[in-house]
Enquirer: 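Have a look at this one before I ask anything.
We name chains A, B, ... by the order of the sequence lines, and we start the count at 1 in each one. Computation of the quantities below employed the complete heavy-atom set of this structure, encompassing side-chain atoms and omitting hydrogens, waters and symmetry-equivalent molecules.
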Amino acid sequence: MTTLESTPARDFIRTKVSEDLAANKNDGRVVTRFPPEPNGYLHIGHAKSICLNFGIARENPGGVCHLRFDDTNPAKEDVEYVDSIQEDVHWLGFDWGEHRYYASDYFPKLYDYAEQLIKAGKAYVCDLSADQAREYRGTLTEPGKESPYRNRSIDENLDLFRRMRAGEFADGSRVLRAKIDMSSPNIIMRDPTLYRIKRSSHHRTGDTWCIYPMYDFAHCLSDSIEGITHSICTLEFEINRPLYDWILDQLPVNSHAQQIEFARLNLSYTIMSKRKLLKLVEQGFVTGWNDPRMPTISGFRRRGFTPESIRNFCERIGVAKRDSMVDLALLEHTIREDLNERAPRVMAVLRPLKVVIENYPDGQSEDLEAQNHPANPEMGSRKVPFSRVIYIEQEDFMENPPKGFHRLAPGREVRLRYAYFIKCHAVVKDEISGEILELKCTYDPATRGGSAPDGRKVKATIHWVSAAHAISAEVRLYDRLFTVENPEGDKEKEFTAFLNPQSLETLTDCRLEPSLATARPEAHCQFERMGYFCVDLIDTRADRPVFNRTVTLRDTWAKIQGKN
RNA sequence: UGGGGCGUCGUCAAGCGGUAAGACACAGGACUUUGACUCCUGUAUUCGGAGGUUCGAAUCCUCCCGCCCCAGCCA
């Protein structure tokens, strides 16, 4: 359904790429990269970056986008994450082709570059402890002090660095540092650490290394090795750009990308920090990274979002440099927009209320023709069985309806979608609790299919399901994960304090029309008047379907009620 | 009180010296066998503030105010 997608807006990054192309800056090449660290699942913020990087590559002739795992910190990384990342990028609709790389594949080259830096007198081995290093670094307003180890000879540095690699020193006892400027107003430039000793088994290189390069050292050089032309990252790395450029300027590299920063995505009523998402998973606030309430790509997928809707969302939010908080309503709009086009309509009663149609013959049933998508006849039709006892939605009946309510009520007539007009003439209640147990109605045989020969109108059309034919199912109603727009915005309270206790409501007694018995996992549909749903990929069993509510339909009636 | 970024409608976001696009949200109305969809209509005399330059400023200059990022041997 690419019809929904138009040409992406000319944001400042695309403009820059075009200008570089026009100036023949990189011999006409456009090479971008999406460089996740495999320490968590991808979220909607990553989707923005993926759409940007892969999108730019796709839009420019000969453009390429690499997938590169920035796996320089084995302590936090895992193959589970590299697998999920690849699956999510593919699902989103992008392909890196041959260009899948790992920073860890460059460890030998990176090590070599480090030695070259030492030989050029631009890096040194420092024996300061982490605490001492912090003291020597100075503060935001005071310059730092030079390390006493800063002026070791090149030979000594080389010897020490080789012995670091050989495993002669304890973790944390020494680091390799760039020799730049301890009084730089940019703290990043105060002799940043390039390599640290860390005895941690790496998910790809195992125990081959006991020293690992830092982000600043590995990232720019990885870009350079791959011939990246535009290194697009988020705003918080803007301050690292001078270091990115400094490292590449010291070394005999033949490619030096331009780093361009944009504002990361913030979405209302959720969080985007991988650390915090991990906490939700580990502490059991959600069932996993792919819990339908999670803002992860796999979570949205399981919730029933389509790749098209997410790509569309990423296109509409734009790319700029100012911090922003995008309204969740925009994401909901893009998924409704997509599902409205493609989701077949079916009837499902979530909270059943029994209705006996007293003038309909007992034991009789008939099949009625129902459109799969009224606005799209090519999607065909299906038969829906009707009989004497049906279920309707509890909320579609009110014994004492307020003004404005025009569904079923005592003495009132409504249309059963694709079936008949029915009129309610009695309410059966539990004598003690007063709970409405059942409705007694009559139907008008002349209104078969839903229209009256005498031209009389009804105010409402409601959905229904034949009791004898319905299949039962579990339906999970999802709502926003947090109760406040910005769960991370409170200085006193932790974000978990704003978790929405009603983010999941599980309904176990739902009745669906029988055609749904064959719905495949991940299939999308619209339960008429209730919302868009999909068949849960994980928990659905052949004899017990589980449906997830992707998003409700717009509900102006609820809005009117809310005002009163 | 160091440095780097950013401030245009409720939320995103165009605009780059010629007189404020668009989207979402919101509010009316039409249509309707989904109170859905669709379709109309409305919604910033104003661009963080104050000065200045100019025939003309959201766009240029000056000062001020506000928000974000940086003191990991995380990325």
Enquirer: For the pair A/Glu168 and A/Arg162, find out whether any cationic side-chain nitrogen is under 4.0 Å from an anionic carboxylate oxygen.
Expert: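 Looking at A/Arg162 together with A/Glu168, the answer is no, because their closest N to O distance does not fall below 4.0 Å.
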
Enquirer: What about the rings of A/Phe217 and A/Tyr195, do their centers lie closer together than 6.0 Å?
Expert: yes

Enquirer: From the set B/C6, B/A71, B/U34, return the single nucleotide nearest to any side-chain atom of A/Arg137.
Expert: B/A71

Enquirer: For B/G2, does OP1 or OP2 lie under 4.0 Å from any side-chain N or O of A/Thr139?
Expert: no

Enquirer: With syn defined as a glycosidic angle within 90° of 0 and anti as everything else, classify B/G72.
Expert: syn

Enquirer: Ignoring hydrogens and geometry beyond distance, is the side chain of A/Arg407 in donor-acceptor contact with the base of B/G35 at under 3.5 Å?
Expert: yes

Enquirer: Any side-chain N or O of A/Thr72 below 4.0 angstrom from OP1/OP2 of B/A75?
Expert: yes

Enquirer: Could you check whether A/Trp557 and the base of B/G35 form a stacked pair, meaning centres closer than 5.5 Å and planes differing by less than 30°?
Expert: yes

Enquirer: Give a yes or no on whether a salt bridge exists between A/Arg204 and A/Asp71, defined as a side-chain N under 4.0 angstrom from a carboxylate O.
Expert: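 No, no charged N to carboxylate O under 4.0 Å.
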
Enquirer: Between B/C12, B/U34, B/G2, which one does the side chain of A/Val326 approach most closely?
Expert: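 The listed nucleotide nearest to A/Val326's side chain is B/C12.
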
Enquirer: Of A/Arg456, A/Lys423, A/Arg407, which is the lone residue that meets salt bridge (Lys or Arg N to Asp or Glu O under 4.0 Å) with A/Glu413?
Expert: A/Arg456

Enquirer: So if I take every side-chain heavy atom of A/Arg322 and compare against B/A36, B/A71, B/A14, which nucleotide ends up nearest?
Expert: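 The answer is B/A14, which lies nearest to the side chain.
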
Enquirer: In B/S/- notation, 5' to 3', how is nucleotides 20-26 of chain B contacted by protein heavy atoms closer than 4.0 Å?
Expert: ---SSSS

Enquirer: Should the pair A/Glu59-A/Arg14 be classified as a salt bridge under the 4.0 Å nitrogen-to-oxygen rule?
Expert: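 Yes.
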
Enquirer: Are the charged groups of A/Arg529 and A/Glu393 less than 4.0 angstrom apart, N to O?
Expert: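 Salt bridge between A/Arg529 and A/Glu393, a charged N being under 4.0 Å from a carboxylate O: no.
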
Enquirer: Which comes earlier along RNA chain B counting from the 5' end, the contact point of A/Ser451 or that of A/Val319, where each point is its nearest nucleotide?
Expert: A/Val319

Enquirer: Could you tell me whether the phosphate oxygens of B/C74, OP1 or OP2, come under 4.0 Å of any side-chain nitrogen or oxygen in A/Lys198?
Expert: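 Answer is yes, contact under 4.0 Å.
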
